[in-house]
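Basis for what follows: all heavy atoms, side chains included, without hydrogens, waters or symmetry-related copies. By convention in this document, chain letters (A, B, ...) are assigned in the order of the sequence lines, proteins followed by strands, and residues within each chain are numbered from 1.
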Amino acid sequence: MFTALMTNTWLAASAVAVVAGVTGFFAVGRGSSFAAHALPNGAFAGAAGATLVGASTLLGVGVFSVAGALAIGALGRRGRHDVATALTVVVMLAAGSLFITLKTAYAPEVYALLFGQLFGVSSAAVTVTLILGGVSLIALALLYRPLLWSSAVPDVAATRSMRPAVTETAFLVVMALVTTMAVPVVGALLIFSLLVSPAAAARCLTDRPGVAVGLGTVFAVAIVWVAIAVSFVTALPVGFLVGSGGALLYAALYAATRLAGRAGASRRHYRRG
Amino acid sequence: MSPDGAVPILAMESVSVTLGGRRVLEAVDLRIGHGELTGLIGSNGAGKTTLLRVVLGLLAPDAGRILVGGQPVGHRRGLVGYVPQKISLDPDMPIRAMDIVGLGLDGHRFGLPPLGRSRRGAARRSRVEEALASVGAERLADARIGRLSGGEQQRVMMAQALVSRPALLLLDEPLANLDISSISEVVAVLARVCREQGVAVLISAHDMNPLLPVMDRIAYMADGRLASGPTGEVVRTDVLSGLYRHPVEVLRVGGRILVAGADAESHCP
Ligand SMILES: Nc1ncnc2c1ncn2[C@@H]1O[C@H](COP(=O)(O)OP(=O)(O)O)[C@@H](O)[C@H]1O
Ligand SMILES: [Mg+2]
């Protein structure tokens, strides 16, 4: 379980989990979960295009996810954000289906990008993942306060901070970077679930934004480690384990806090009565 | 220049705004002196929110000039505090009242906020607590803001607007959707903030009555036009009939002021 190739897997997956945990706080807080779904799927189309023209997968993923982020940002200025996101991902997926049809040979490596291949990450891929992850974290640290403000009270932030469209596009570009670092090593499904469920679960447990960022990151790393270990032993796919594990964690915490809240409320009621 | 020669905190000269082909503000003139409390009164659709958005620099006027503290809008944004009409906060967002107020202080800056234990963090925290206390919301500091009641959220938003020590505070319909006792509480808080912190306050409202005891001046709006001055000089049958461009009558009943016929236009075209 700890061979050189496995070490690469652990490293890449852990880096993706840390960055996804932090990014997810804002993705969920800003209501950008749909974009967190759209960008990795659009990036898959980029990878398909790259194999068609013989370019590197990383380049295809990077170009498509950044272009997707800019498109969502630009369209979202004029109309509703979910519609802008839907239009963008539809166009990208349509292009992806065309690319796959044009490439007559069967391309299993492209499908691996959807659900993840994880075992067999090269050292070069790990280096790229770590660098892009570092850049994403620095960008999020710099944007922390403007992002938090415009997520919580957009009307007020718009009067004092960066223009809302600029803040939103900056965040989408960071999410495109995260997609680019993650899709080639863990696949689209895995990064999508790591962007959403750990951050959503963390919101159940704390009222402090900083703590929520930290908890979400811890959850993301824990989910990935458990999923890799279980997958190694049982041969169940990692994508399935991460996706269902994250959703289960969220469901369990949500139910637990609801029950605790109701118990607390009835206790208070009892004391008063 | 205002009559006493000082630069007013807000000076609007012939400001016009057209939205979707409609004149929403029509040659509006308005001056507000430092430390004055002004009521921006008008019925729904009169243009109150649009006027505030123009002052905030969120909307560019088609014509006219706006100076805040003697400078064009947008140059010194910390100078103006703002509490929007609709406060929609996500109940599931993990953020406390004190975090929100802290963002009012430095939310536009890049980088992480200072740690609570550092000296800058402690200074930030005391500014935040001071702002919450000034609106009587100190006990809300640790509460998740999305789970507070509407009135409590509004106080936190006032603290957020005040924490940067603005010279002008804009509040859009802060009395709408409050019960009667909360209305007089909020009015009292705003009057005290205005007096004690020397901040000019502009409050929009569709009913002038709750503000009558505390208003220094009134800015009365009808169909995008505005008349301003001391309440007694503006809220008069002749002045308001001119503003509405049809006859209305100002009635004083038991200490309350009613403007009869103000809605006539919507009934007969
Ligand atoms: N973006 C817009 N496009 C077209 N008309 C608008 C827009 N915003 C506001 N209006 C119109 O401008 C008028 C004034 O609106 P508003 O300033 O919100 O009034 P108030 O705040 O006094 O109720 C209304 O008739 C409204 O329908
Ligand atoms: Mg309004």
Side-chain angles (χ1 to χ4, degrees), chain A residues 22 24-33 137-167 170 198-216 250 253-254 257-258 261 264-265, chain B residues 49 52-53 55-59 73-74 76-116 141-148 153 156-158 160-161 163-164 166 170 172:
Chain A
V22 176
F25 172 76
F26 293 105
V28 173
R30 304 177 69 75
S32 302
S33 303
L137 286 183
I138 291 170
L140 287 175
L142 281 177
L143 292 170
Y144 183 83
R145 281 181 277 184
L147 281 178
L148 186 61
W149 205 9
S150 64
S151 312
V153 264
D155 295 347
V156 178
T159 69
R160 297 268 314 279
S161 186
M162 308 195 303
R163 290 219 316 278
V166 175
T167 319
R203 283 153 69 102
C204 300
L205 294 185
T206 179
D207 292 334
R208 300 166 179 241
V211 175
V213 173
L215 266 181
Y250 172 70
L253 286 179
Y254 181 82
T257 46
R258 272 295 149 111
Chain B
T49 299
L52 297 180
R53 285 170 57 80
V55 173
L56 286 162
L58 295 174
L59 198 64
V73 172
R76 289 163 64 196
R77 283 178 159 185
L79 212 58
V80 184
Y82 171 53
V83 178
Q85 175 168 7
K86 284 205 197 72
I87 306 171
S88 48
L89 296 158
D90 177 2
D92 292 330
M93 177 83 178
I95 191 161
R96 299 163 297 173
M98 68 161 89
D99 300 315
I100 293 277
V101 178
L103 288 170
L105 197 57
D106 58 19
H108 58 289
R109 289 184 200 278
F110 292 116
L112 302 172
L115 281 176
D142 286 311
R144 188 187 278 222
I145 184 158
R147 304 249 166 95
L148 294 176
Q153 289 181 353
V156 176
M157 299 297 281
M158 284 181 203
Q160 176 184 47
V163 71
S164 62
L170 310 178
D172 200 357

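Using a 4.5 Å cut-off between heavy atoms, B:Asp90 touches chain A through its side chain atoms alone. Contact of A:Ala157 with chain B is not made at all, since no heavy-atom distance falls under 4.5 Å. Heavy atoms closer than 4.5 Å to chain A are found in the side chain of B:Leu58, but not in its backbone. Looking at A:Leu148, the atoms closer than 4.5 Å to chain B (heavy atoms on both sides) sit in the backbone and in the side chain alike. With a threshold of 4.5 angstrom between heavy atoms, B:Met157 approaches chain A through side-chain atoms but not through N, CA, C or O.
A salt bridge does not link B:Asp106 with B:Arg109: every distance from a Lys NZ or Arg NE/NH1/NH2 to an Asp or Glu carboxylate oxygen is 4.0 Å or more. A salt bridge between B:Arg53 and A:Asp155 is absent, with no side-chain N of the basic residue lying under 4.0 Å from a carboxylate O of the acidic one.
No more than 12 heavy-atom neighbours from other residues, nucleotides or ligands sit within 6.0 angstrom of CZ on A:Arg163.
For the options B:Pro84, B:Ala143, B:Gly146, B:Pro113, heavy-atom pairs under 4.5 Å to chain A are most numerous at B:Pro113. Annotation: maximal heavy-atom pairing with chain A below 4.5 Å, among B:Gly57, B:Ser88, B:Ala161, B:Gly104, occurs at B:Gly104.
Side chains of B:Leu79 and B:Pro166 form no contact here, defined as non-hydrogen atoms less than 4.5 Å apart.
Below 30°, between 30° and 60°, or above 60°: for A:Phe26 and A:Tyr144 the angle between ring planes is above 60°, a perpendicular geometry.
Between A:Ser150 and A:Arg30, the side chains place a donor N or O and an acceptor N or O closer than 3.5 Å (distance only, hydrogens not considered).
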